[in-house]
Amino acid sequence: MQIKTVEANGNNSALQVRALRKAYGDQTVLRGIDLKIAKGEIVTVLGRSGSGKSVLLKLIIGLQKPDEGTIELFGTEVTQLPLNELNQVRKKLGFLFQQAALYDSLSVEENVAFPLRRHTRLSDAEISERVQQMLARVDMGKDLKKMPSEVSGGMKKRVGLARALILDPEIILLDEPTAGLDPITTKEIDELVLSMQKEREITAIVVTHDLSSVARLADRIVILKEGNVIVEGKPDEVKRSEDPFVREFLELS
């Protein structure tokens, strides 16, 4: 069952994937999925472990190549782009890894500054000012000199989010941004994502298992099963789905 509720095409399209397939040896992870996401939309992607959620994000950002299918970002097909052109597109994307993936040898401040040093020609003073502003925005302004080993899991997620946003991306991809966090910290991270998305009109794709996060964030829900999109739609529409897998998944999650 697929509920088609948002048409993300023309100038309103941020992302469109068509017939996307990915396999690792004999294991097929994505089986030709189609997905459209409109500019400014928050889409949450749900599914059992191994259903292809994180792989989808890695394909979108170009960390891996699909076996078949196309990925269009802002109307440009990116799967066959040369690396230098792909890197230009990547500047419009922010990515938060499941474990935050901070550089252990760099301070909080240096982690967030890393994309600016790599992709811009800003002066040290300009980088420092921008980083401090961003860290203050995610409530980490007092901890910028700390090392990743000195901060909690929730704080690492905040730093990872700051790094994902520091280049002012048009799309952010968040892989389990609240995994392993307590309910209070989870709510704080969700509210931070939501406020940043609204302030900057960013498109967000959020992979999560947390239905409380889905309720707070989602304009639209996509549920994957065995590499296929089994249902998509607005939250209230998905909740009314009669598909047995969807009903069981939502009841047990």
Side-chain angles (χ1 to χ4, degrees), residues 1-22 28-57 59-60 69 71-72 96 98 171-198 201-253:
M1 174 186 179
Q2 286 207 1
I3 307 168
K4 298 294 184 181
T5 59
V6 178
E7 288 299 323
N9 50 35
N11 292 331
N12 195 42
S13 176
L15 167 70
Q16 181 166 357
V17 303
R18 296 186 179 93
L20 204 63
R21 296 181 63 87
K22 183 66 177 178
T28 300
V29 180
L30 295 177
R31 302 175 182 272
I33 71 169
D34 299 306
L35 182 63
K36 297 178 183 179
I37 299 178
K39 291 179 180 178
E41 189 179 18
I42 299 181
V43 173
T44 57
V45 182
L46 290 77
R48 296 182 64 181
S49 298
S51 60
K53 306 181 300 298
S54 295
V55 171
L56 174 62
L57 296 189
L59 295 179
I60 292 171
I71 301 171
E72 289 185 9
L96 174 58
Q98 186 170 342
I171 299 177
I172 54 173
L173 310 175
L174 309 179
D175 191 2
E176 298 283 3
T178 60
L181 303 182
D182 64 83
I184 294 175
T185 305
T186 292
K187 184 180 179 182
E188 291 173 348
I189 294 292
D190 289 341
E191 290 175 345
L192 182 59
V193 170
L194 192 60
S195 65
M196 298 291 277
Q197 183 269 341
K198 287 182 177 179
E201 298 183 347
I202 296 171
T203 304
I205 306 170
V206 185
V207 165
T208 183
H209 286 95
D210 193 322
L211 293 186
S212 66
S213 291
V214 174
R216 281 187 285 265
L217 296 174
D219 295 316
R220 189 156 51 106
I221 297 170
V222 173
I223 298 181
L224 299 183
K225 178 186 179 184
E226 298 176 354
N228 294 298
V229 176
I230 190 172
V231 63
E232 67 174 286
K234 293 181 179 179
D236 59 337
E237 294 172 326
V238 172
K239 289 177 183 177
R240 295 197 302 268
S241 171
E242 297 181 359
D243 184 280
F245 174 84
V246 174
R247 295 182 68 88
E248 182 180 19
F249 185 87
L250 295 178
E251 289 171 2
L252 296 178
S253 296

- request: Apply the test side chain to side chain contact (heavy atoms under 4.5 Å, CB included) to residues Leu250 and Leu211: give CA-CA distance (whole Å), side-chain angles for both, the deciding distance (0.1 Å), then the verdict.
  value: CA-CA 8 Å; Leu250 295 178; Leu211 293 186; 4.2 Å; yes

- prompt: What do the steps show when you test Leu192 against Glu188 for side chain to side chain contact (heavy atoms under 4.5 Å, CB included), and what is the final call?
  reply: CA-CA 6 Å; Leu192 182 59; Glu188 291 173 348; over 6 Å; no

field: Worked check of side chain to side chain contact (heavy atoms under 4.5 Å, CB included) between Leu194 and Ile42
entry: CA-CA 9 Å; Leu194 192 60; Ile42 299 181; 3.7 Å; yes

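Atoms CD1 and CD1, on Ile37 and Ile60 in that order, are 6.0 Å from each other to the nearest 0.5 Å. Of the inter-residue distances, the one linking Glu248 atom CD with Asp243 atom CG reads 10.5 Å to the nearest 0.5 angstrom. The CD1 atom of Ile71 sits 7.5 Å away from the CG atom of Leu56 when rounded to the nearest 0.5 Å. For the atom pair CD1 of Ile202 and CD1 of Ile172, the computed distance is 5.0 Å after rounding to the nearest 0.5 Å. Note: Ser212 OG to Asp190 CG = 6.0 Å, rounded to the nearest 0.5 Å. Considering OG1 of Thr185 and CG of Asp182, their distance stands at 3.5 Å, rounded to 0.5 Å.
For the residue pair Ile221 and Ala218, the shortest heavy atom distance occurs at CG1-CB, 4.0 Å. Considering every non-hydrogen atom in both Val229 and Glu232, the closest pair reads CG1-OE2, 4.1 Å. The nearest pair of heavy atoms linking Pro177 to Leu96 is CB-CD2, 3.9 Å. In terms of heavy atoms, Ile33 sits closest to Gly227 at CG2-O, 3.1 Å. Contact between Thr178 and Ser213 at its shortest, heavy atoms only, is OG1-OG, 3.6 Å. Of all heavy-atom pairs spanning Gly52 and Leu30, the tightest one is O-CD2, 3.7 Å.
A donor-acceptor contact shorter than 3.5 Å links the side chain of Asp34 to the backbone of Ala19. Although no hydrogens or angles enter the test, the distance criterion places no donor-acceptor pair under 3.5 Å between the side chain of Lys53 and the main chain of Leu224.
Arg48 is linked by a side chain to side chain donor-acceptor pair (under 3.5 Å) to nothing, counting only residues two or more places apart in sequence or in another chain. Considering only residues two or more places apart in sequence or on other chains, Ser54 meets the side chain to side chain contact (heavy atoms under 4.5 Å, CB included) condition with Asp175. Judged as a salt bridge (charged side-chain N to carboxylate O under 4.0 Å, His left out), and not counting sequence neighbours, Glu176 has no contacts. Glu226 is linked by a salt bridge (charged side-chain N to carboxylate O under 4.0 Å, His left out) to nothing, counting only residues two or more places apart in sequence or in another chain. Checked against side chain to side chain donor-acceptor pair (under 3.5 Å), Gln197 has no partners two or more places apart in sequence or in another chain. In terms of the side chain to side chain contact (heavy atoms under 4.5 Å, CB included) criterion, residue partners of Asn228 (sequence neighbours excluded) are, by chain and number, Arg31.
Test Lys36, Arg220, Lys234 against Glu41 for salt bridge (charged side-chain N to carboxylate O under 4.0 Å, His left out) and you get one pass: Arg220. With Leu46 as the partner, the side chain to side chain contact (heavy atoms under 4.5 Å, CB included) test is satisfied by one option alone out of Val238, Val214, Val206, Val231: Val214.
Under the 4.5 Å side-chain criterion, counting only non-hydrogen atoms from C-beta, Thr203 is not in contact with Leu15. The shortest side-chain heavy-atom distance between Arg216 and Thr186 falls under the 4.5 Å cut-off.
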